[in-house]
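So that the names make sense, note that chain A is the first sequence line, chain B the second, and so on, each numbered from 1. Because only heavy atoms are used, hydrogens play no part in the values below, and waters and symmetry mates are left out as well, while side chains stay in.
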Protein chains: 2
Amino acid sequence: MEKVKIPRATAKRLPLYYRYLIILSEAGKEKVSSTELSDAVQVDSASIRRDFSYFGALGKRGYGYDVKNLLGFFKKILNQDTLTNVALVGVGNLGHALLNYNFKRSNNIRISCAFDIDKNITGRILSGVPVYDMSELKQQLSDQQISIAILTVPSLHAQKTADEMFEAGIQGVMNFTPIRISAPANVRVQNVDLATELQTLIYFLDSDKQEH
Amino acid sequence: MEKVKIPRATAKRLPLYYRYLIILSEAGKEKVSSTELSDAVQVDSASIRRDFSYFGALGKRGYGYDVKNLLGFFKKILNQDTLTNVALVGVGNLGHALLNYNFKRSNNIRISCAFDIDKNITGRILSGVPVYDMSELKQQLSDQQISIAILTVPSLHAQKTADEMFEAGIQGVMNFTPIRISAPANVRVQNVDLATELQTLIYFLDSDKQEH
DNA sequence: TCATTTATGTGCATGAATGAACAAAGAGAA
DNA sequence: TTCTCTTTGTTCATTCATGCACATAAATGA
């Protein structure tokens with residue numbers, strides 16, 4: 001599937017559009033306007049139209065967008081037509097929760113293997129996912145052709161574990177540790193920093209308060 | 001504590017700086033330069049200097065920043081000198097994980113109560129946190145003077161539950177559901193959309209691949 | 001058929017964020 | 001003290017993102 005050069009901000013919104021298109025489709029809606037969608041996803045309607053327009057003229061003036069059309073289109077753009085397997089590294093509290101998180105339903109993503117160092121959980125199958133010892137990382141990722149991993153180990157092991165992952169050929173990391181791991185230039189790291197987000201929320205609330 | 005008007009992007013980085021300052025302090029470092037910090041937090045050094053400068057001239061030319069000074073300063077800015085209590089609404093997989101997540105160590109945030117509708121877990125104490133029935137939401141939040149909540153209920157109940165929270169006086173929500181909840185104008189909502197982030201990562205990886 | 005309404009696609013102006021570059025200030029050495 | 005070196009604080013140019021506003025095109029109804 002040939003892809004156009006899309007602004008970063010747009011690319012971040014695509015999965016959101018996709019999810020709401022699924023909802024609309026399941027609700028039996030045939031068409032949708034940028035204004036309707038705007039209400040649902042809370043993005044300005046002009047931004048939505050521009051986002052869509054990067055892929056060509058997908059809508060019809062005076063009508064809106066055909067839901068089925070749009071859905072099929074985004075499915076291809078977002079590689080939703082093929083299942084993406086990812087690895088989970090670190091099966092602690094958060095890791096466990098993610099194992100049970102249903103990425104598959106609206107995203108066609110599946111955690112197909114997990115890794116840990118704790119002998120009590122390695123060698124077993126948790127929530128339908130086999131848990132291997134870290135020593136098997138390279139072999140398994142290679143066998144299963146996995147290039148994306150979710151990192152949920154304790155901070156202390158974050159960088160060391162990340163290095164092992166890069167060694168094993170990981171190209172993209174979703175980093176749940178509070179450490180900013182350093183990675184080779186060709187690797188994408190997406191940080192999800194729970195404590196920081198919460199604290200930012202608190203900060204903004206306080207400054208809201210002071211304005212009034 | 002009087003606060004200056006800070007750009008959004010800067011405010012988002014403050015907790016990150018704070019965390020690394022703690023690490024530096026614990027490692028016994030007395031001073032730090034913007035360049036050193038830049039390596040650690042992966043933010044351009046000029047941006048760091050500018051971020052700091054919003055609060056006044058905190059550094060010394062030719063020397064850098066005094067770690068203890070800076071730390072004390074950020075502690076106040078970020079309200080780290082007082083404990084912030086938050087509520088957790090929805091004790092499923094993710095909720096459980098968050099109950100065990102240590103927000104307190106470097107952020108002085110504590111989940112002090114949780115809510116659910118499942119009679120099997122309400123009325124009990126999980127990971128040191130009491131779990132109440134949803135019917136007690138308003139009373140408890142009022143008693144404990146809590147204005148921030150983490151929302152981890154199933155998508156289907158997201159909006160309805162959110163409405164109850166607003167009714168109970170919640171001012172800030174960290175929304176882990178994939179639904180964009182609609183909220184009163186004075187309420188801040190921070191969305192943490194795991195599936196979307198993962199999918200965005202996949203999208204960027206694919207477009208990286210196509211460039212080469 | 002023709003007028004009216006609806007909703008797209010895009011030009012434009014504005015604002016935010018970034019990072020390079022550098023003058024100024026202070027630290028440290030001689 | 002005086003010189004050199006380091007590192008800040010800030011200016012500036014650039015890029016990115018946003019949302020208004022509107023011309024254009026299609027749909028709908030009379």
Side-chain angles (χ1 to χ4, degrees), chain A residues 4-17 20-21 24 29-71 73-74 180 185 191 196 200 203-204 207, chain B residues 4-17 20-21 24 29-71 73-74 180 185 191 196 200 203-204 207:
Chain A
V4 209
K5 185 72 185 171
I6 304 296
R8 189 181 177 75
T10 298
K12 285 189 169 190
R13 285 190 289 263
L14 295 183
L16 186 61
Y17 297 147
Y20 272 88
L21 284 173
L24 289 176
K29 287 209 68 168
E30 290 193 348
K31 65 171 183 174
V32 64
S33 71
S34 58
T35 333
E36 282 178 273
L37 204 52
S38 171
D39 287 340
V41 299
Q42 298 173 9
V43 172
D44 180 81
S45 68
S47 290
I48 294 181
R49 292 197 295 280
R50 180 172 292 106
D51 284 346
F52 287 4
S53 77
Y54 289 117
F55 303 102
L58 303 179
K60 255 194 272 184
R61 292 166 196 236
Y63 177 87
Y65 299 88
D66 182 88
V67 173
K68 274 216 163 29
N69 252 0
L70 216 49
L71 198 57
F73 189 79
F74 277 112
R180 296 294 153 122
N191 295 305
T196 291
T200 305
Y203 178 86
F204 279 125
S207 56
Chain B
V4 209
K5 186 70 185 169
I6 304 296
R8 190 182 178 72
T10 298
K12 284 188 170 191
R13 285 189 290 264
L14 296 183
L16 186 60
Y17 297 147
Y20 273 87
L21 284 173
L24 289 176
K29 286 211 69 169
E30 290 192 349
K31 64 171 182 172
V32 64
S33 72
S34 57
T35 333
E36 283 177 273
L37 203 52
S38 171
D39 287 340
V41 299
Q42 298 174 7
V43 173
D44 180 81
S45 69
S47 291
I48 293 180
R49 292 197 297 279
R50 182 178 298 102
D51 284 347
F52 288 3
S53 76
Y54 289 117
F55 303 102
L58 303 179
K60 258 193 269 185
R61 289 165 198 238
Y63 177 87
Y65 299 88
D66 183 89
V67 173
K68 274 213 162 31
N69 253 1
L70 217 50
L71 197 58
F73 190 80
F74 277 112
R180 296 293 153 127
N191 296 305
T196 292
T200 305
Y203 178 85
F204 279 125
S207 56

Heavy-atom nearest pair, A:R180 first then B:Q42, reads O-NE2, 3.5 Å

Separation of D:dA27 atom P from A:E30 atom CD, nearest Å, is 14 Å

For A:D66 and A:N69 the tightest heavy-atom approach is OD2-N, 2.9 Å

So CG of A:D51 and CG of A:L37: to nearest 0.5 Å the spacing works out to 10.0 Å

Please work out if B:S34 contacts a base, only the sugar-phosphate, or nothing of the nucleic acid, heavy-atom cut-off 4.0 Å. sugar-phosphate

DNA chain D nearest-nucleotide lookup for A:R61 and A:R8: closer to the 5′ end is A:R8

B:Y63 OH to C:dG28 P, in whole Å, measures 8 Å

Closest to the side chain of B:R49, out of D:dT10, C:dA7, D:dG19, is D:dT10

May I ask you to decide if the ring planes of A:F74 and A:F55 are parallel, tilted or perpendicular, using 30° and 60° as cut-offs?
perpendicular

Heavy-atom nearest nucleotide on DNA chain D taken for A:R13 and for B:G64; more 5' hit belongs to B:G64

If the cut-off is 4.0 Å, is B:S33 near the phosphate of D:dT7, judged by side-chain N/O to OP1 or OP2? no

Margin query: Below the 4.0 Å mark, does D:dG9 have OP1 or OP2 next to a side-chain nitrogen or oxygen of B:Y65?
Written below: yes

Assign each of B:K31 and B:A46 the nucleotide of DNA chain C bearing its closest heavy atom; nearer the 5' end lies the nucleotide of B:A46

B:L37 CG to D:dT8 C1', in whole Å, measures 14 Å

To the nearest angstrom, the CG-P distance between A:D44 and C:dA7 comes to 16 Å

### Task
Tell me, please, whether A:Y65 has A:R49 positioned over its six-membered ring: NZ or CZ under 6.0 Å from the ring centre and within 45 degrees of its axis?
no

A:K5 atom NZ is separated from D:dA17 atom P, nearest whole Å, by 10 Å

Between CG of A:N69 and P of C:dT8 the distance, given in whole Å, is 14 Å

Here the distance between atom P of D:dG19 and atom CZ of A:R50, to the nearest Å, is 10 Å

Checking C:dG19, C:dA27, C:dT8 against the side chain of B:K60 (C-beta onward), the nearest is C:dA27

From CD1 of A:I48 across to C1' of C:dT8 the rounded distance in Å is 13 Å

